[in-house]
Amino acid sequence: MDHNDHVALLRAGVVGAGPLWADFGSGWGAFTLALADLLGPGGMIYSLDRKRDELQRQARELRRRFPHVAVHYLIADYREPLDLPAFDGIVMANTLHYLTAAELQATLPLVHGYLRPGGRLVVVEYDVEEGTFWLPYPLSWRRWQSVAPAAGFSTPRLLATRPSGRNRGFYAALCERPPA
Ligand SMILES: C[S@@+](CC[C@H](N)C(=O)[O-])C[C@H]1O[C@@H](n2cnc3c(N)ncnc32)[C@H](O)[C@@H]1O
């Protein structure tokens, strides 16, 4: 996948939501860059990962390619409660598959709590059912459709898919914190 694929996966979930977004588990920033592209000047992104070197790498790239988008970099573990503003949207791309079922169940309410009422959660994941070393706890599209509502989100809507060499590919899905 390249930058255009990342933008295409997020586009329908991001456009029209508001300017304040977060990317949790942002890594080297593939989807932070896509968010910056979609939000444009006036956008503000909190980019969060537990790996400092990944954030440093993405900060260089963000500054070079999207200097007019404000980005806050946070070295943090999103399984812990964090002091954050109420976001219009949060992206979690290729990161929830590291959480056990119990961790997922404990973390999703935190994520829910960081969204303003009506705020959006865009999840990008591999659509696979069987775990591997690299993908220990896969969050298939089928599984996400039952896990998200159980955590208080609206029923997820499939936004886009992209093929991947080894499996059924990636999906992007949107759900919301229901309006108050
Ligand atoms: C496979 S990378 C995906 C990076 C990026 N979202 C992407 O799609 O290109 C997974 C990232 O999630 C981060 N991560 C995993 N668990 C995390 C946690 N509990 N808190 C913060 N970051 C986490 C890892 O450090 C890693 O950078």
Side-chain angles (χ1 to χ4, degrees), residues 1-14 21-39 43 45-62 64-66 69 71-84 87 89-115 120-128 130-141 143-144 147 151 159-175:
M1 288 206 292
D2 62 15
H3 180 70
N4 291 334
D5 292 304
H6 300 138
V7 170
L9 281 166
L10 296 191
R11 183 186 303 281
V14 172
W21 278 73
D23 185 0
F24 283 5
S26 56
W28 65 266
F31 287 90
T32 325
L33 289 161
L35 260 182
D37 202 350
L38 287 163
L39 295 175
I45 302 171
Y46 282 65
S47 178
L48 183 153
D49 202 283
R50 56 187 175 188
K51 294 186 186 156
R52 178 186 299 271
D53 53 339
E54 301 267 316
L55 289 177
Q56 286 172 339
R57 179 179 161 197
Q58 71 159 273
R60 286 193 293 274
E61 205 54 16
L62 262 297
R64 187 177 73 77
R65 292 172 59 185
F66 299 102
V69 177
V71 187
H72 300 276
Y73 298 96
L74 303 176
I75 303 162
D77 185 332
Y78 56 64
R79 293 171 301 180
E80 305 294 332
L82 300 167
D83 187 15
L84 295 169
F87 294 112
I90 297 173
V91 170
M92 298 189 85
N94 303 312
T95 188
L96 288 173
H97 60 241
Y98 292 108
L99 304 191
T100 64
E103 286 175 324
L104 188 63
Q105 201 182 4
T107 299
L108 288 175
L110 296 176
V111 175
H112 187 278
Y114 301 135
L115 289 168
R120 302 176 180 182
L121 172 62
V122 178
V123 163
V124 179
E125 276 296 339
Y126 291 94
D127 191 15
V128 294
E130 297 297 320
T132 64
F133 178 78
W134 298 107
L135 200 72
Y137 307 104
L139 190 57
S140 67
W141 169 229
R143 184 172 170 227
W144 183 231
V147 168
L159 296 175
T161 58
R162 280 290 180 277
S164 147
R166 283 172 299 171
N167 52 47
R168 277 189 279 166
F170 298 94
Y171 70 90
L174 167 67
C175 57

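Each ligand, and each atom within it, is numbered from 1 in the order the structure gives.
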* To do: Answer yes when D77 and R79 have at least one side-chain N-carboxylate O distance shorter than 4.0 Å, and no when they do not.
  => yes

* Structure fact -> the protein heavy atom lying closest to atom 15 (C) of ligand 1 turns out to be T95 OG1, 3.4 Å

* To do: Please determine if E61 and R64 form a salt bridge, counting it only when a charged side-chain N lies under 4.0 Å from a carboxylate O.
  => yes

* Asked: Heavy atom under 4.0 Å from ligand 1: found in Y98's side chain, backbone, both, or neither?
  -> side chain

* Considering all heavy atoms of both residues, which atom of A8 and which atom of A160 are nearest to each other, and what is their separation? -> O-CB, 4.0 Å

* Asked: Nearest 0.5 Å, what's the CZ-CG distance between R11 and D37?
  -> 8.0 Å

* Asked: Just wondering, are more than 12 heavy atoms of other shown residues or ligands nearer than 6.0 Å to CD in Q105?
  -> no

* **From L159, L9, V124, L139, residue fulfilling side chain to side chain contact (heavy atoms under 4.5 Å, CB included) relative to Y171** => L139

* Structure fact -> Atoms of ligand 1 under 4.0 Å from any heavy atom of F31, numbered from 1 in the order shown, are 7 (C), 8 (O)

* Please determine if L48 has a nitrogen or oxygen closer than 3.5 Å to a nitrogen or oxygen of ligand 1. => no

* Options G25, A76, A30, ranked by nearest heavy atom to atom 21 (C) of ligand 1, top entry -> A76

* Structure fact -> for atom 19 (N) of ligand 1, nearest protein heavy atom and its distance come out as D77 OD1, 2.8 Å

* When you measure from atom 5 (C) of ligand 1 to every protein heavy atom, which one gives the shortest distance, and what is it? -> S26 O, 3.4 Å

* Asked: Any side-chain heavy atom of L82 within less than 4.5 Å of one from L110?
  -> no

* Between W28 and ligand 1, which residue portion shows a heavy-atom distance shorter than 4.0 Å: side chain, backbone, both, or neither? -> neither

* How far apart are the closest heavy atoms of L35 and A22, and which atoms are they? -> CD1-O, 4.1 Å

* Protein heavy atom at shortest distance from atom 22 (N) of ligand 1 -> R50 N, 3.5 Å

* **Nearest-neighbour protein heavy atom for atom 23 (C) of ligand 1, which is reported as residue plus atom name and distance** => Y78 CE2, 3.6 Å

* Nearest 0.5 Å, what's the CD1-CD distance between I45 and Q58? -> 9.0 Å

* Asked: Atoms of ligand 1 less than 4.0 Å from G27 heavy atoms?
  -> 4 (C), 27 (O)

* Asked: Among protein heavy atoms, which lies nearest atom 26 (C) of ligand 1, and at what distance?
  -> D49 OD2, 3.5 Å

* Parallel, tilted or perpendicular: ring planes of F24 versus F87, cut at 30 and 60 degrees -> perpendicular

* Short list, please: which atoms of ligand 1 are under 4.0 Å from a heavy atom of R79? -> 19 (N)

* Structure fact -> ligand 1 to K51, heavy atom cutoff 4.0 Å, flagged ligand atoms 25 (O)

* Structure fact -> In this structure, atom 1 (C) of ligand 1 is nearest to the protein heavy atom N94 O, 3.3 Å

